[in-house]
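Notes for the one structure printed next.
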Amino acid sequence: MVVLSKPAMEQFCLVKNSCKSTTLPFPGVPLIDLSKPDSKHLLVKACQEFGFFKVINHGVPSEFISKLESEAIKFFSLPLSEKEKSCPPDPFGYGNKRIGQNGDVGWLEYILLTTNPEFNYQKLQSVFGVTPEKFQGAVNDYISAAKKMACEILEQLAEGLKIQPKNVFSKLLMDEQSDSVFRLNHYPPCPDIQELHGRNLIGFGEHTDPQIISVLRSNNTSGLQIALKDGNWISIPPDQNSFFINVGDSLQVLTNGRFKSVRHRVLANSIKSRVSMIYFGGPPLSEKIAPLPSLVEGEDSLYKEFTWFEYKKSAYKSRLADNRLGFFEKI
Ligand code: GA4
């Protein structure tokens with residue numbers, strides 16, 4: 001086990017464990033059964049109120065999840081020197097503590113991949129130094145199932161908003177050129193947390209996701225928090241049998257701010273490892289992102305039109321906690 005000295009801990013971000021940042025589990029997270037006839041209305045409500053919800057009856061086979069989780073654990077259990085032989089994230093590859101290129105750090109290690117299987121094959125080869133068939137197979141199966149579920153949710157959302165055609169959002173993820181990302185995170189336990197005198201160590205700092213929708217699955221270790229509209233942080237109890245869904249910045253724009261892209265973060269745990277897998281469904285790079293005309297009727301468009309390429313370029317220059325949409329808001 002790695003024990004860090006105080007100065008070493010101080011390089012990581014610490015947050016006060018005040019009443020405002022409660023660690024009490026929040027009972028109000030919408031739980032949506034995707035197989036129920038009223039789910040589309042509940043999905044719309046959850047996207048408007050929180051930009052975050054939990055789904056059951058999601059259709060992702062449990063063996064896809066367990067296969068990928070055990071492959072990920074195998075990889076993260078390798079000695080650091082082995083893992084560091086693999087390529088640094090540029091942004092894709094194996095990363096340790098550094099997030100992005102602009103100075104953000106967190107108490108985690110991760111593998112970041114595109115969802116383009118050909119590209120990943122080469123990347124995984126350099127990550128593993130061996131033929132990565134088994135890992136690649138597990139990643140592909142999982143991504144296909146997560147994407148299918150994300151598309152189902154997006155279609156129900158379009159129906160709930162009475163927008164036609166119902167694939168108006170999902171077609172962006174289904175497009176062959178869809179610029180989607182997949183991330184496997186490992187948050188090692190940090191035994192020195194007690195030393196922090198009521199402060200929490202940040203595993204992954206607060207941010208919103210730039211894409212359309214994110215599908216998150218974690219093991220049974222706590223850590224995820226979301227910010228409510230009043231700015232208070234609430235802890236989300238882990239649930240390894242459900243998926244957590246985040247509205248991303250692009251869906252906030254497409255819905256002219258009706259759906260909220262949720263600010264979230266992960267706190268480190270003192271005892272247990274947290275492993276999470278996240279599919280970030282994004283549009284093709286050339287796609288124009290602007291509020292859908294049917295959602296601006298009688299209202300002003302809140303955002304300037306931009307392409308996903310332009311947004312991504314500006315996102316990759318930002319710090320994790322920045323409000324990336326600010327630059328694209330109409331004054
Ligand atoms: C946040 C959501 C996804 O994890 C991610 C992250 C990306 C990265 O890790 O390279 C970014 C971050 C995320 C937004 C701002 C930039 C880019 C780190 C960072 C500081 C993969 C993504 O798409 O955007």
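Atoms within a ligand are numbered from 1 in the order they appear, just like the ligands themselves.
Under the 30°/60° scheme for interplanar angles, the aromatic rings of F75 and F135 are found to stand perpendicular. Note on ring orientation: taking the six-membered ring where Trp is involved, the planes of F306 and F328 are tilted (angle from 30° to 60°).
The side-chain hydrogen bond (donor to acceptor under 3.5 Å, both in side chains) search around K312 returns D179, not counting sequence neighbours.
Closest of all the heavy-atom pairs between T208 and R324 is O-NH2, 3.1 Å.
For ligand 1, the protein residues within 4.0 angstrom (heavy atoms only) are I99, G100, D104, L112, R183, H207, D209, P210, Q211, F280, A315, Y316, S318, L320, R324.
A ring pair (Phe, Tyr, Trp, His ring centres under 6.0 Å) check over residues 27-53, counting only residues at least two apart or in different chains, returns the pairs F52-F244. Residue pairs meeting the ring pair (Phe, Tyr, Trp, His ring centres under 6.0 Å) criterion with at least one member in residues 203-225, sequence neighbours excluded, are F204-H207, H207-H264.
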